There are 2 protein chains.
Amino acid sequence: MTAVATRPLTPAARRILAVASELFYTRGINTVGMELVAERASVTKKTIYDRFGSKQELVVAYLRVRDERWRDYVTDHLAGARTPRARVVATFDALHTWMEAENPRGCAMVNAYTELSDPEHPGRAVAEGQKRWLRSLLTEIVADAGVADPAALAESLAMLHEGAVVARSVLGDTRAALTACAAARTLMTAHGIAADASEAAGQR
Amino acid sequence: MTAVATRPLTPAARRILAVASELFYTRGINTVGMELVAERASVTKKTIYDRFGSKQELVVAYLRVRDERWRDYVTDHLAGARTPRARVVATFDALHTWMEAENPRGCAMVNAYTELSDPEHPGRAVAEGQKRWLRSLLTEIVADAGVADPAALAESLAMLHEGAVVARSVLGDTRAALTACAAARTLMTAHGIAADASEAAGQR
DNA sequence: AGGTAACCACACCGGTAGGTATACTCGCGA
DNA sequence: TCGCGAGTATACCTACCGGTGTGGTTACCT
């Protein structure tokens, strides 16, 4: 009899989740009360608790949805890229456009990890999962390129991702992902993943 | 008549600041109440407000002290390094030992930036200042090495710093700073900052 | 016709948040 | 000796937090 058992969200539940996502991301999870969420979603608190059970579960739902959106976004960007090098570059392109479109306040997963200081909070696992996912994605890609130590290179590339997000949010550097991408290219070249012909249009 | 006008903190004020720093860092700023700080510092709330004026000012004091400690820590590590390359490596060494000693929960500045979602909160400027400081430090160092675009390389190196902190806190990767350092070395080599003789002992 | 899922309105709960008020004690320097 | 800064103790303020309970309305499924 767990709430949120997954599956077809009712119209009100969809509104609640949409409103909560927006609020949790832009103002922070801990500073947003359920009363505000209810008001913004034109719903009573009762309805929120009937659909989601608790704030904790609503937070988890928010993180899960956002995590999935990001994974799909990256996967879509990967579609057109054929070489491993182009695929890595595509992840940085995805990061760049994603941040410009809807990520001015940093990575939602890292933010949540920070805000949910209780180690038992299930939201932390979602955040951790996303970080591990990116690492394994990058590891697979560079392994395909025949790199000696794929995990180490992937880890460095992931750090550039993370660092770019911080630079974008704290310093307002809108070109952060581009700078990180340039560094990623340099790193790949040094590891023997050479620039292919199609990379003539690369700025840097 | 501002409180905290700086300088010689009374004994109680020192205890308050020490306790608040510990609590704010490990549990998060928003989840720690003044009542708890008072209790842990064996002080009444009255005393806190007499010395610091408000929670906001206490938070700023916490961030300032921590920022200064980190800058001093890095500066100390820079002392023994003579070449630009060794100096950059020294910043990663500092990061490594710092994180092992007292940073398991990520960067206090980035965390505070996340938690203090109100753009007007003066704590955000402290966090931003630390990020700019690291960038300018790294820019100076690589400029000394005669790199073509020092700012761009420094930015990449700073992103590796930031990414290492995230990897350490979210993923628990205790070797994160070492991995980042290896990437930094590769980046420097690619930018013409060659390994000097003294770098025989470098692991990687 | 009956049942049930999905909602609404509203009132309420205990707990805690940041912050203030009053009144008193102690030790130090002029 | 007197004032003052630093501190104590305790009680209190308003506001909001996450969460619950009651009761009622609509609409669809059987």
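Only heavy atoms go into these numbers, but all of them, side chains included; no hydrogens, no water, no symmetry mates. Please read these numbers as outputs of a predicted model, since none were measured by experiment. In what follows, chains are A, B, ... by sequence order, proteins preceding strands, each numbered from 1.
- Considering only side-chain N and O atoms, B:Arg51 lies under 4.0 angstrom from the phosphate OP1 or OP2 of D:dG7.
- Taking 4.0 angstrom as the limit, A:Ser54 places none of its side-chain polar atoms (N or O) nearer than this to OP1 or OP2 of D:dG18.
- Summarising the geometry of B:Tyr49 relative to B:Lys55, their closest heavy-atom pair is CE2-N, 4.3 Å, with the distance given to 0.1 Å.
- Residue A:Ile141 holds its CD1 atom at 5.0 Å from CZ of A:Arg87, rounded to the nearest 0.5 Å.
- Closest to the A:Pro11 side chain, of the nucleotides C:dA17, D:dG19, C:dC7, is C:dC7.
- For the pair B:Asp50 CG and D:dT8 C1', the interatomic distance rounds to 11 Å; values are reported in whole Å.
- Remark: C1' of C:dA6 and CZ of A:Phe52 are 13 Å apart, rounded to the nearest angstrom.
- The shortest distance between side-chain heavy atoms of B:Cys181 and B:Val89 falls below 4.5 Å.
- Distance check, rounded to the nearest 0.5 Å: CZ of B:Arg124 to CD of B:Glu115 gives 12.0 Å.
- Between the CG atom of A:Leu9 and the C1' atom of C:dA6 there is a distance of 13 Å, rounded to whole Å.
- Side-chain contact, A:Thr91 with A:His161: a donor N or O sits under 3.5 Å from an acceptor N or O.
- Contact check of residues 13-33 of chain B against DNA chain C (heavy atom, cut-off under 4.0 Å) returns B:Val32, B:Gly33.
- Across the protein-nucleic acid pair, A:Glu57 atom CD and D:dG18 atom C1' stand 13 Å apart, rounded to whole Å.
- Closest contact between the side chain of A:Glu35 and the listed nucleotides D:dA6, D:dC17, C:dA6 involves D:dC17.
- To the nearest 0.5 Å, atoms CG (B:Leu187) and CG (B:Leu160) are separated by 6.5 Å.
- Ring orientation note: the planes of B:Trp70 and B:Tyr73 are close to parallel, at an angle under 30° on the 30°/60° scale.
- Taking every heavy atom of residues 39-46 of chain A and every atom of DNA chain D, pairs under 4.0 Å involve A:Lys45, A:Lys46, by number.
- Contact annotation: B:Thr47 does not reach the phosphate of D:dA6 (side-chain N/O to OP1 or OP2, under 4.0 Å).
- Looking at B:Arg14, its side chain does come within 3.5 Å of a backbone N or O of B:Leu9 through a donor-acceptor pair.
- By the 4.5 Å heavy-atom criterion applied to side chains, B:Leu153 and B:Leu138 are not counted as neighbours.
- In this structure, of D:dT8, D:dA6, D:dG19, it is D:dG19 that holds the atom nearest to the side chain of A:Tyr49.
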